[in-house]
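As the structure is a prediction and not an experimental result, all values here were calculated from the model. In this chain, residues are counted from 1 in sequence order.
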Amino acid sequence: MNDQIDSGDEHGELGDAEYADFMELAALEGFEAEEVEGAIGEAGHGPLPVLAVVGRPNVGKSTLVNRIIGRREAVVEDKPGVTRDRVTYEAEWAGRRFKVVDTGGWEQDVLGIDASVAAQAEYAIEAADAVVFVVDSTVGATDTDEAVVRLLRKAGKPVVLCANKVDGPSGEPDATALWSLGLGEPHPVSSLHGRGTGDMLDAVLEALPDAPAQTFGTAVGGPRRIALIGRPNVGKSSLLNKVAGQERVVVNEVAGTTRDPVDELIELGGTVWKFIDTAGIRRRVHLQEGADYYASLRTAAAVEKAEVAVVLIDTSESISVQDQRIITMAVEAGRALVVAFNKWDTLDEERRYYLEREIETELAQIAWAPRVNVSARTGRHMEKLVPAIETALAGWETRVPTGRLNAFLGELVAGHPHPIRGGKQPRILFGTQAGTKPPRFVLFASGFIEHGYRRFVERRLREEFGFEGTPIHISVRVREKRGRKK
């Protein structure tokens with residue numbers, strides 16, 4: 001497969017000659033240059049800038065997030081304590097795309113104000129490029145708000161102050177009073193009715209970078225970043241200690257303890273890797289939802305910093321919904337993926353049989369991810385971890401030349417055409433790989449391409465070019481009908 005990989009550094013990773021040939025092909029198929037360049041640019045972006053929305057419970061954070069993303073997806077209730085399964089969403093404003101992290105949490109005083117505010121704000125801010133700090137203007141600045149302000153100043157991230165619940169002109173003076181927080185101009189907003197959100201988002205775009213500050217491989221030969229993620233108590237810290245060859249990670253048993261993810265430089269297979277351990281929070285029965293919520297934020301922050309996510313699964317238990325959510329988080333973040341099945345040495349033949357069936361059914365969507373069966377306790381098969389990580393990284397960085405890709409697409413469409421729908425048969429006309437890390441493809445078509453056919457194209461791409469260990473993003477641009485004059 002290596003002979004099919006090349007790299008370009010312009011025009012969405014296309015070289016000059018390849019780009020010129022591609023644009024000539026696009027013109028022959030009736031696509032205008034601006035349309036094609038826009039599709040490539042949109043699909044070829046790197047990691048999107050991240051906006052964290054922070055603040056006390058019940059100040060309207062989730063309502064504001066729903067307003068920003070343009071749909072009711074974040075869970076909204078009138079009481080604090082709602083634990084969300086998903087905390088990251090994608091949004092667009094004025095033609096710019098970014099991620100929104102909703103940090104709406106649970107009762108602040110469950111663990112004490114200092115621990116709970118730090119846990120809620122720090123993990124989200126860590127992965128953010130800018131922050132929207134939401135304050136209830138009808139209540140004014142509270143001691144909790146002041147605590148968040150101190151954290152924001154310490155983090156040094158750009159902050160947009162949102163004075164929420166200003167439903168009309170009569171509430172403007174309440175918003176003005178929030179100048180006292182020292183975070184600059186308060187933006188009066190009604191997240192419920194949408195009042196003022198446009199002006200606030202304009203300020204957000206000024207605060208967000210065009211591209212995230214975090215980049216991969218900033219120095220040649222620099223250590224690759226690996227996040228160890230998984231449910232609590234699956235053996236993440238034990239695995240890190242085992243690969244390090246010593247006790248490098250101390251796990252605090254107190255739920256809610258505020259800790260930065262532990263970054264460890266470890267030499268394995270003659271290469272230095274940077275491991276990010278996310279096993280710092282343990283569950284208590286009466287704080288289960290809150291601890292899980294903070295663990296979710298912590299995992300999301302670690303994944304955003306990493307290039308490869310190693311998902312650890314406890315083989316002594318059934319594959320859970322939480323395991324699948326963690327895997328989905330890594331896939332949606334576009335990271336290379338390795339699945340490590342821990343405690344494999346403890347399995348009897350019956351459990352091994354049923355586990356294989358579970359893997360086939362519950363993890364079918366990531367059949368492309370390298371799998372290693374390990375024991376963090378004994379060190380069994382640890383030598384297989386590095387080759388799996390290297391395989392996933394190679395797939396993550398693979399690029400297929402446009403000419404080779406279009407030859408493949410031509411054969412694919414000829415042999416397996418799209419089903420006829422409504423008397424019409426849409427066709428994939430041509431395509432290009434707009435980016436890597438992960439591989440991102442743009443297909444240009446004569447009509448709407450159904451999701452099932454897109455999955456078929458992805459499966460055949462993997463069969464032809466490999467892409468082991470990496471998600472693949474495929475977007476389709478349909479040729480517009482030309483009704484205007486030339």
Task: Check: Phe341 and Ile359 side chains under 4.5 Å, non-hydrogen atoms - done: yes

Open item on the list: With rounding to the nearest 0.5 angstrom, report the CD to CZ distance, Glu390 to Arg224.
Closed with: 10.0 Å

Task: Approximate separation, where rounding is to 0.5 Å, of Ile474 CD1 and Leu461 CG - done: 5.5 Å

Task: Minimal non-hydrogen separation, Arg96 against Leu205, with atom names - done: NH1-O, 3.0 Å

Task: Under 3.5 Å: donor-acceptor pair, side chain of Glu358, backbone of Ile319 - done: yes

Task: Any donor-acceptor N/O pair, Asn342 side chain to Asp314 backbone, under 3.5 Å - done: no

Open item on the list: Please determine whether side-chain contact (heavy atoms from CB on, under 4.5 Å) holds for the pair Val134 and Leu64, giving the CA-CA distance in whole Å, both sets of side-chain angles, and the decisive distance to 0.1 Å.
Closed with: CA-CA 9 Å; Val134 185; Leu64 180 63; 3.7 Å; yes

Open item on the list: What I'd like to find out is whether the side chain of Trp344 reaches to under 4.5 Å of the side chain of Leu355, using heavy atoms alone.
Closed with: yes

TODO: Evaluate side-chain contact (heavy atoms from CB on, under 4.5 Å) for Leu228 paired with Phe275, printing each intermediate quantity in order.
DONE: CA-CA 7 Å; Leu228 295 176; Phe275 280 81; 4.0 Å; yes

Open item on the list: With heavy-atom distances below 4.5 Å as the criterion, would you say the side chains of Leu337 and Val311 are in contact?
Closed with: yes

- [ ] Please confirm whether the backbone N or O of Trp368 pairs with a side-chain atom of Glu468, one donor and one acceptor, at under 3.5 Å?
- [x] no

Open item on the list: Consider side-chain contact (heavy atoms from CB on, under 4.5 Å). Of Val50, Ile68, Asp129, which one does Phe98 pass it with?
Closed with: Ile68

- [ ] Mind listing the closest non-hydrogen atom pair of Leu347 and Arg352 along with its distance?
- [x] O-NH2, 3.7 Å

Open item on the list: Checking Thr432 against Thr402 for the side chain to side chain donor-acceptor pair (under 3.5 Å) test, could you report, in this order, the C-alpha distance in whole Å, the side-chain angles of both residues, the deciding distance, and whether it holds?
Closed with: CA-CA 5 Å; Thr432 189; Thr402 298; 3.1 Å; yes

Task: Shortest non-hydrogen contact between Ala309 and Ile229, atoms and distance - done: CB-CD1, 4.0 Å

- [ ] State whether the side chain of Lys424 and the backbone N or O of Gly447 hold a donor-acceptor pair below 3.5 Å, judged by distance alone.
- [x] no

- [ ] Taking only Lys NZ, Arg NE, NH1 and NH2, and the carboxylate oxygens of Asp or Glu, determine whether Glu267 and Lys274 approach each other closer than 4.0 Å.
- [x] no

Open item on the list: Less than 4.5 Å apart, side chain to side chain, heavy atoms only: is that true for Val131 and Leu51?
Closed with: no

Open item on the list: Within the supplied structure, the quantity of interest is the number of heavy atoms (other residues, nucleotides, ligands) at a distance under 6.0 Å from Glu350 CD; does it exceed 12?
Closed with: no

Task: side chain to side chain donor-acceptor pair (under 3.5 Å) partners for Thr378, two or more places apart - done: Ser375

Task: Salt bridge Glu356-Arg371, side-chain N to carboxylate O under 4.0 Å - done: yes

Task: Salt-bridge criterion met for Glu458 and Arg462 (N-O under 4.0 Å) - done: yes

TODO: Could you tell me the separation between the OG1 atom of Thr315 and the CG atom of Asp345, rounded to the nearest 0.5 Å?
DONE: 8.0 Å

Open item on the list: Checking Arg477 against Leu443 for the side-chain contact (heavy atoms from CB on, under 4.5 Å) test, could you report, in this order, the C-alpha distance in whole Å, the side-chain angles of both residues, the deciding distance, and whether it holds?
Closed with: CA-CA 6 Å; Arg477 183 59 59 96; Leu443 305 181; over 6 Å; no

Task: Exercise: do Ser320 and Asp323 side chains pair donor with acceptor under 3.5 Å - done: yes

- [ ] Check whether any side-chain heavy atom of Ile366 lies under 4.5 Å from a side-chain heavy atom of Ile327, and answer yes or no.
- [x] yes

- [ ] Just do the salt bridge (Lys or Arg N to Asp or Glu O under 4.0 Å) check on Glu464 and Arg404 with the steps written out, would you?
- [x] CA-CA 11 Å; Glu464 182 73 16; Arg404 178 69 187 90; 2.3 Å; yes

Open item on the list: Contact between Val478 and Phe444 at the side-chain level, heavy atoms closer than 4.5 Å - yes or no?
Closed with: no

Open item on the list: Looking at Arg454 and Ile449, would you say the former's side chain and the latter's main chain have a donor-acceptor pair under 3.5 Å?
Closed with: yes

Open item on the list: Which residues pass the side chain to side chain contact (heavy atoms under 4.5 Å, CB included) test with Pro438, not counting sequence neighbours?
Closed with: Trp396, Arg440, Thr470, Pro471, His473

Open item on the list: Could you check whether any side-chain N or O of Arg335 sits under 3.5 Å from a backbone N or O of Ala306, counting only pairs where one atom can act as donor and the other as acceptor?
Closed with: yes

Open item on the list: Before we go on, tell me: are the rings of Phe467 and Phe441 under 6.0 Å apart, centre to centre?
Closed with: yes

Open item on the list: Any salt bridge linking Arg351 with Glu317? Criterion: basic side-chain nitrogen under 4.0 Å from a carboxylate oxygen.
Closed with: no

- [ ] Flag the pair Pro417 / Gln425 as yes when at least one side-chain heavy-atom distance between them is below 4.5 Å, and no otherwise.
- [x] yes

Task: Taking every non-hydrogen atom, the tightest pair across Asn406 and Gly431 - done: OD1-N, 2.8 Å

- [ ] Output yes when Lys99 and Glu90 qualify as a salt bridge under the 4.0 Å nitrogen-oxygen rule, no when they do not.
- [x] no

Open item on the list: Nearest 0.5 Å, please: how far is CG in Leu239 from CE in Met382?
Closed with: 4.0 Å

Task: Rounded distance [0.5 Å steps], CD1 in Ile389 versus CD1 in Ile226 - done: 3.5 Å

TODO: Mind checking the CG-NZ spacing from Leu151 to Lys157? Nearest 0.5 Å is all I need.
DONE: 12.5 Å

Open item on the list: Please find the pair of heavy atoms, one from His418 and one from Glu450, that lie closest to each other, and give the distance.
Closed with: NE2-N, 3.1 Å

- [ ] Of all the heavy-atom pairs spanning Leu393 and Ala336, show the shortest one and how long it is.
- [x] N-CB, 4.4 Å

TODO: Using the side-chain contact (heavy atoms from CB on, under 4.5 Å) rule, take Val374 and Lys343 through it: C-alpha gap first, then chi angles, then the decisive distance, then the call.
DONE: CA-CA 6 Å; Val374 301; Lys343 305 182 184 179; over 6 Å; no

Open item on the list: Less than 4.5 Å apart, side chain to side chain, heavy atoms only: is that true for Arg67 and Thr63?
Closed with: no

